Amino acid sequence: LEFRRVLFRSILHHDRSAAMGLSRPVHALNAAAASTYAMTTDAYDALSRHWTRLHRFAHLYSMASWDRAAMMPPKGSEARALALAEMEALLHRMRTDPGLAALLARADDEPLDGAARSNLREIRRDWKSANALPPALVQAKSLAASRCEHAWREQRPAGDWAGFVTNLREVVRLAREEAKYLADSSGMPVYDALLDQFEPGMTSVEVAAVFGDLQTWLPGLVRAVRNKQASESVIEPVGPFAKAAQRALSLEVMALLGFD
C-alpha cells in the first residue's frame, strides 16, 4: 500500500497518466511558445486553453477514480461512482461545446508550426470522437464500469462468476454500443473504431498478424516457464514490514522506472 501511495503521488506530480476519456494526452503549448502566435492564432489559442481546462478537470477525475479503486470504503463506492459518471458527463459537454466547430475550422487556416499543427490534429480527434457519442451513453458506461469493478472485489474471492458475468455483460453491451457509434461516425469497421481510440491508425488486420505470430511460439514458452517454476521453491515474504523500508523500496523502484 505504501508503494502505491508513493508511486501515485509521483505519477500525479509528473502528469504521466493520460486524461480520462482521451486516447492520448493533448497538450497546450507553453507560454513562451504561445506568445509566438499572439494576434495571429486566436482560434488555436482558444482551443488550446479549452483542452488545457479539460486536462486539468480530468486530472481531478483520475485522482478520484484512483481513490475509489484503492482507498474507498465499500459503502462509499456507489456515491463515488455516481460522482465520476457526473464528471464524465461534464467533460463530454465540454468536448462537444457547439462553439468548438467554428474554432477548429478557423484554426485550420492559421499560421501554426509543426508542434501546434500536431496538437490541433489531436484536439480534432478528441472532439470528433466525443461528438460521435450521446451523453447518456458516456454516463452509463462510467457507471457500469465502476459498479462492475467494485462488485468484482467480493465476487472474485467468492468465486461468484455468475454475478460477475451479469455485471460484465452490461459493460460489454455498452462498449459495443460505443463501437457502433464510433464506426458510424468514422466509417471504420466496428473493432477498428474502438482500436483507433487507443492506437490511432492501427487496424484489426495488423493486430491479427501480430498475435498470429505470437501463437506460434508463446504457448510453448509459457509451458516451459511453468515447468521450470514447478520445480523451484518460492520464497514468500513474511511481514509486517516497516513503513520506512517500504518507502525506501518504493523510491528505489521509482528511480529504476525513471521518475525523478
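Here the structure is a predicted model, which means the values were calculated and not measured.
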Problem set entry | Ion pair D42/R106, N-O distance below 4.0 Å |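 No salt bridge links D42 with R106.
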Problem set entry | Carboxylate-amine/guanidinium proximity below 4.0 Å for E149 and R68 | yes
Please determine whether residues [X] and [Y] belong to a single hydrophobic cluster, defined as Ile, Leu, Val, Met, Phe, Trp and Tyr linked transitively by side-chain heavy-atom distances below 4.5 Å.
X    : Y    : answer
L84  : V171 : no
W127 : Y181 : no
L91  : L137 : no
L90  : W51  : yes
L249 : L257 : yes

Any idea which heavy atoms bring [X] and [Y] closest together, and the distance?
X    : Y    : result
R124 : A105 : NH2-N, 4.4 Å
M94  : F57  : SD-CD1, 3.6 Å
Q139 : A89  : OE1-CB, 3.9 Å
A130 : H92  : O-NE2, 2.9 Å
E88  : Y61  : OE2-OH, 3.1 Å
A107 : L112 : O-CD1, 3.9 Å

Are [X] and [Y] side-chain neighbours, meaning at least one heavy-atom pair lies under 4.5 Å?
X    : Y    : answer
L54  : R95  : yes
P135 : R93  : no
E122 : D126 : no
D67  : R80  : yes

Exercise. Going through the distances and angles, do K128 and I123 end up as a side-chain contact (heavy atoms from CB on, under 4.5 Å)?
Worked result: CA-CA 9 Å; K128 187 175 180 180; I123 288 173; over 6 Å; no
Exercise. Which other residues end up in the same hydrophobic cluster as W217, if Ile, Leu, Val, Met, Phe, Trp and Tyr are linked when side-chain heavy atoms come under 4.5 Å apart?
Worked result: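 Its cluster partners, ordered by chain and number, are Y191, L195, M202, V207, F211, L214, L218, L221, V222, V225.
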For this session: Test side-chain contact (heavy atoms from CB on, under 4.5 Å) on L103 and H50 and set out the steps.
Result: CA-CA 11 Å; L103 288 174; H50 191 80; over 6 Å; no
Looking at [atom1] of [X] and [atom2] of [Y], how far apart are the two atoms once the value is rounded to the nearest 0.5 Å?
X    : Y    : atom1 : atom2 : result
Q155 : L168 : CD    : CG    : 10.0 Å
L182 : L133 : CG    : CG    : 5.0 Å
R169 : C148 : CZ    : SG    : 11.5 Å
L47  : L104 : CG    : CG    : 5.0 Å
Y44  : N119 : OH    : CG    : 3.5 Å
E170 : L174 : CD    : CG    : 4.5 Å

Exercise. Is there a donor in the side chain of S204 and an acceptor in the side chain of D192, or the other way round, less than 3.5 Å apart?
Worked result: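 On atom types as modelled, these side chains qualify, holding a pair under 3.5 Å.
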Exercise. Parallel, tilted or perpendicular for H59 and H55, by the 30°/60° rule?
Worked result: tilted
Exercise. Does any N or O in the side chain of T166 come within less than 3.5 Å of the main-chain N or O of A162, such that one atom is a donor and the other an acceptor?
Worked result: yes
Problem set entry | Worked verdict on R153 versus H150 for side-chain contact (heavy atoms from CB on, under 4.5 Å) | CA-CA 6 Å; R153 299 184 198 181; H150 179 70; 4.1 Å; yes
Exercise. What do you reckon, is CD of E154 surrounded by more than 12 foreign heavy atoms closer than 6.0 Å?
Worked result: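 Check fails, neighbour count at 12 or below.
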Exercise. Just wondering, more than 12 heavy atoms not from R117 lying within 6.0 Å of its CZ?
Worked result: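 Result for CZ/R117: enclosed.
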For this session: Could you list the residues that satisfy side-chain contact (heavy atoms from CB on, under 4.5 Å) with D184, not counting sequence neighbours?
Result: K180
